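Below is one structure, written out as structure tokens; the observations come after it.
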Amino acid sequence: KTGVISAWRREHDIFLASPGSAEVRLGSGQDVALAANNRGAYAVWTTPQGIELHRPDSPTSTISLKGAYPAIVALPDGSLLAAWEEDGSIAVHRVER
């Protein structure tokens, strides 16, 4: 797919949209970050229950039970790396393709 993919917060909910598709509500939370590879868009965000991860064609999953301010980046091999602040340091989670 080509085009602009976006993720944002409206009120207390996180949404994802891509060209030609309706916006999709991913869940409640804040501080959403977005990255993409050839499989599609991946999003991470903060919830009261921890850091959530959205993968294309997979249910949302919790990758940390605490933390805040997540970021995500696509790596050259197609995998992704999510990072966030947790207990005063940086935690990371490698997302396989």
Side-chain angles (χ1 to χ4, degrees):
K1 293 182 177 182
T2 61
V4 175
I5 301 169
S6 59
W8 67 94
R9 184 182 92 172
R10 181 184 309 129
E11 298 291 329
H12 302 285
D13 295 325
I14 303 297
F15 291 87
L16 179 70
S18 58
S21 299
E23 67 182 38
V24 175
R25 181 185 174 277
L26 299 179
S28 296
Q30 61 187 22
D31 303 324
V32 65
L34 180 67
N37 65 14
N38 62 352
R39 289 191 59 220
Y42 294 72
V44 290
W45 67 95
T46 305
T47 73
Q49 294 76 36
I51 304 294
E52 298 290 311
L53 169 68
H54 163 80
R55 293 181 173 104
D57 303 321
S58 294
T60 296
S61 60
T62 302
I63 58 174
S64 174
L65 296 178
K66 53 186 174 178
Y69 312 112
I72 190 167
V73 62
L75 301 174
D77 68 359
S79 64
L80 293 99
L81 186 67
W84 59 92
E85 186 278 330
E86 186 173 308
D87 293 331
S89 49
I90 303 298
V92 296
H93 175 80
R94 188 175 179 105
V95 181
E96 300 300 325
R97 292 171 40 117

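Note that the coordinates shown come from a computational prediction; the quantities given were computed from them, not determined experimentally. Counting from 1, the numbers follow the sequence of the chain as shown.
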Which pair of heavy atoms, one from Gly67 and one from Thr46, lies closest together, and at what distance? O-CG2, 3.7 Å
Once salt bridge (Lys or Arg N to Asp or Glu O under 4.0 Å) is applied, do any residues pair with Arg94, and if so which ones, sequence neighbours excluded? Asp77, Glu96
Which atom names give the shortest non-hydrogen contact between Ala82 and Val44, and what distance separates them? CB-CG1, 4.1 Å
State, without any angle test, whether Ser64 and Glu86 hold a side-chain donor-acceptor pair at a distance under 3.5 Å. yes
Identify the two heavy atoms, one from Ala71 and one from Ala33, that lie closest to each other, and give their separation to 0.1 Å. CA-CB, 3.8 Å
Atom OG1 in Thr47, atom CD1 in Ile14: separation rounded to 0.5 Å? 10.0 Å
ILVMFWY cluster membership beyond Val92 - transitive side-chain contacts under 4.5 angstrom: Val73, Leu75, Leu81, Ile90
Can you tell me how far the OG1 atom of Thr62 sits from the CD atom of Glu52, to the nearest 0.5 Å? 3.5 Å
How would you list, by chain and number, every residue that makes a side-chain contact (heavy atoms from CB on, under 4.5 Å) with Ala74, sequence neighbours excluded? Leu80
Indicate the atoms forming the closest heavy-atom contact of Pro19 with Gly3, along with that distance. CG-CA, 3.8 Å
Rounded to the nearest 0.5 Å, the OG atom of Ser18 sits from the CD1 atom of Ile5 at a distance of 6.0 Å
Tell me every residue that passes salt bridge (Lys or Arg N to Asp or Glu O under 4.0 Å) with Glu85, counting only those two or more places apart in sequence or in another chain. none
Give a yes or no answer on whether the side chain of Arg9 reaches the backbone of Glu11 with a donor-acceptor pair at less than 3.5 Å. yes
Applying salt bridge (Lys or Arg N to Asp or Glu O under 4.0 Å) to Asp87 and not counting sequence neighbours gives Lys66
Nearest 0.5 angstrom please: Ser79 OG to Tyr42 OH, how far? 9.0 Å
Heavy atoms only: give me the nearest Leu26-Ala43 pair and the separation to one decimal. CD1-CB, 3.9 Å
Identify the heavy atoms of Ser61 and Arg55 that sit nearest to each other, and give their distance. OG-NH1, 3.7 Å
Within this structure, what is the CG-CH2 distance for the pair Leu34 and Trp45, rounded to the nearest 0.5 Å? 11.0 Å
May I ask you to list the residues sharing a hydrophobic cluster with Phe15, side-chain cutoff 4.5 Å, ordered by chain and number? Trp8
Taking Ile72's backbone N and O only, do any of them form a donor-acceptor pair with Trp84's side chain (distance below 3.5 Å, no angle check)? no
